[in-house]
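Lettering of chains follows the sequences in order, A, B, ..., and the numbering in each one begins at 1.
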Protein chains: 2
Amino acid sequence: MPDTTRAPRQDNRRIQLLDAAAALFAEHGFHAVSMRDIARNVGMLPGSMYYHFPSKNDLLLATYEEGVRQLSQRVDLALADEDEPWARLEAACKAHAEILLNESDYAQVILSVFPRDVAAISDNLKPLRDGYEDRFRILIEALPLAADVDRNSLRLMLLGALNWSKNWYNPRHGSPREIATDMLALLKRSLV
Amino acid sequence: MPDTTRAPRQDNRRIQLLDAAAALFAEHGFHAVSMRDIARNVGMLPGSMYYHFPSKNDLLLATYEEGVRQLSQRVDLALADEDEPWARLEAACKAHAEILLNESDYAQVILSVFPRDVAAISDNLKPLRDGYEDRFRILIEALPLAADVDRNSLRLMLLGALNWSKNWYNPRHGSPREIATDMLALLKRSLV
DNA sequence: TTTAAAAACAAACGATTGTTTGGTTTAAAA
DNA sequence: TTTTAAACCAAACAATCGTTTGTTTTTAAA
């Protein structure tokens, strides 16, 4: 063990390693990707990765955390410009769809790797997911809705439909923002 | 090779084997389940399973086919009693939710194992999924909707929300039929 | 320029993976 | 009751898995 600890080097490749892991996990799923696959993609030998992460599960956990961070940051940024409740929800949905379908491998990992697929760390993964989704609970709380509308069902329906869209999304048939707009439009006019 | 082929024996365990595979695939995902896990669950040695199925991928393919068969049969049965377009769609959604969340491990496999997780047979899996979902396209086609309603978005939203519900479903907070009713209600009153 | 820590290499570890092979038991047709 | 195919067992196969260990290279502080 070293006597003193230094800052990471300039050529530290922890982030590139995490990027490669996120991209592969997002595309093929957790179990379908081996540590050797990731190492090959980042130009590193398999054993070398263990300098940066103590295990494959920890690698997944790190991508989850980064995914939640990116999603949260992106949605918060989109919300900053909006005041009206419906506009705020729409902005959040657009940001959600955009980062999910286009921008971030990390975010896609959250939706394509289910906690129960990795039982050993499912207790660590679930709260990360839930914490992010709570933003939508608050956004829907603020909507002026008819008295008999179940806000919980509304949230589950909206987020479910958006999250599932990664299974059929095709850039040629509409952008992520358009998808979010369409879905919200279907709901909105009945609920006001 | 035998000179003549006989019918399967009375004690043939192909179905029990398929049942065990479906249950495990549905609960843990395809890659998280080993052939030995399945063998143990059905009380068989690992090698013996290869008498019934030539590979693990074929085992998955068979569960997919059975899942689609069960879903289709269940939905068709529910549709037989209904005439009015909205009632038909609601009956289909209820049946879809019910078999998905409660009744069939086979059906759950279709939603929890993504074709791209098993690249080698993804071309076989996708059309099975699509063929079933086409029923909903037809049901929505028959709805009397305002001219500006995008039927494709409606289908994707409804099915997406229902399919995603397996990620949050909790029997204590409403039955599958109630979930389907709630979601359809959210959409219905705005679209007529 | 020396030196210590950061980072990666090189090579292997034991365990588990899907699968194959050859022989044995069991049910049912003859 | 004999016989044949169905069904399973028992044991191993090569390949791949995540991971560990000991050593070497590289960066940057001293």
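- The backbone N or O of B/Glu82 sits less than 3.5 Å from a side-chain atom of B/Arg88, completing a donor-acceptor pair.
- For DNA chain C, the neighbouring residues in residues 2-13 of chain A, judged by any heavy atom under 4.0 Å, are A/Pro2, A/Asp3, A/Thr4, A/Thr5, A/Arg6, A/Pro8, A/Arg9, A/Asn12, A/Arg13.
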Could you run down the sub-3.5 Å N/O contacts of the protein with nucleotides 22-24 of chain C?
none

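- Within residues 37-59 of chain A, the residues that place at least one heavy atom under 4.0 Å from DNA chain C are, in residue-number order, A/Met44, A/Leu45, A/Ser48, A/Tyr51, A/His52.
- Other residues, nucleotides and ligands contribute over 12 non-hydrogen atoms within 6.0 Å of the CD1 atom of A/Ile138.
- Within residues 22-36 of chain A, the residues that place at least one heavy atom under 4.0 Å from DNA chain C are, in residue-number order, A/Arg36.
- With sequence neighbours left out, the ring pair (Phe, Tyr, Trp, His ring centres under 6.0 Å) criterion links B/Phe136 to B/His96, B/Tyr132.
- Atom CG of A/Asn170 sits in a crowded spot, with more than 12 heavy atoms from other residues, nucleotides or ligands closer than 6.0 Å.
- Chain B approaches DNA chain D over the interval D/dT4 to D/dA12, counting the first and last nucleotide 5' to 3' with an atom under 4.0 Å from its heavy atoms.
- Residues A/Leu158 and A/Leu89 are in side-chain contact: their nearest non-hydrogen atoms beyond the backbone lie under 4.5 Å apart.
- Looking at B/Tyr106 and B/Arg69, their side chains never bring a donor and an acceptor atom within 3.5 Å of each other.
- In this structure, B/Leu159 and A/Trp164 have side chains that are not in contact, with every pair of non-hydrogen atoms separated by 4.5 Å or more.
- Taking CG from A/Leu145 and CH2 from A/Trp86, the interatomic distance works out to 5.5 Å, rounded to the nearest 0.5 Å.
- Evaluation of the side-chain contact (heavy atoms from CB on, under 4.5 Å) rule for B/Glu90 yields B/Lys94, B/Thr181, B/Leu184 as partners, not counting sequence neighbours.
- In this structure a side-chain-to-backbone donor-acceptor pair under 3.5 Å is present from A/Ser72 to A/Val68.
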The dot-bracket string of DNA chain D, counting Watson-Crick and G-U wobble pairs with both distances under 3.5 Å, using [ ] for crossing pairs and | for pairs to another strand, is .|||||||||||||||||||||||||||||

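- Here salt bridge (charged side-chain N to carboxylate O under 4.0 Å, His left out) pairs that include residues 166-186 of chain B, with residues two or more places apart or in two chains, are B/Glu98-B/Arg177.
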Review item, side-chain donor-acceptor pairs of residues 107-119 of chain B, under 3.5 Å, at least two apart:
residue, atom, partner, partner atom, Å
B/Gln108, NE2, B/Leu100, O, 3.3
B/Ser112, OG, B/Gln108, O, 2.9
B/Arg116, NE, A/Glu27, O, 3.1
B/Asp117, OD2, B/Phe114, N, 3.4

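- Side-chain contact, B/Asn152 with B/Arg155: a donor N or O sits under 3.5 Å from an acceptor N or O.
- Of the possible polar contacts, one joining the A/Asp37 side chain to the A/Ser34 backbone as a donor-acceptor pair under 3.5 Å is found.
- For residues 142-151 of chain A, the pairs satisfying salt bridge (charged side-chain N to carboxylate O under 4.0 Å, His left out) are A/Asp148-B/Arg189, with sequence neighbours left out.
- Atom-to-atom distance recorded for B/Arg129:CZ and A/Asn167:CG is 5.5 Å, nearest 0.5 angstrom.
- Under the 4.5 Å side-chain heavy-atom criterion for Ile, Leu, Val, Met, Phe, Trp and Tyr, A/Ile15 and A/Leu71 are members of distinct hydrophobic clusters.
- Side-chain contact check for A/Tyr51 and A/Arg14: no donor-acceptor pair (N or O, by modelled atom type) lies under 3.5 Å.
- Interface residues of residues 112-120 of chain B facing DNA chain D, ordered by number: none; criterion, heavy-atom separation under 4.0 Å.
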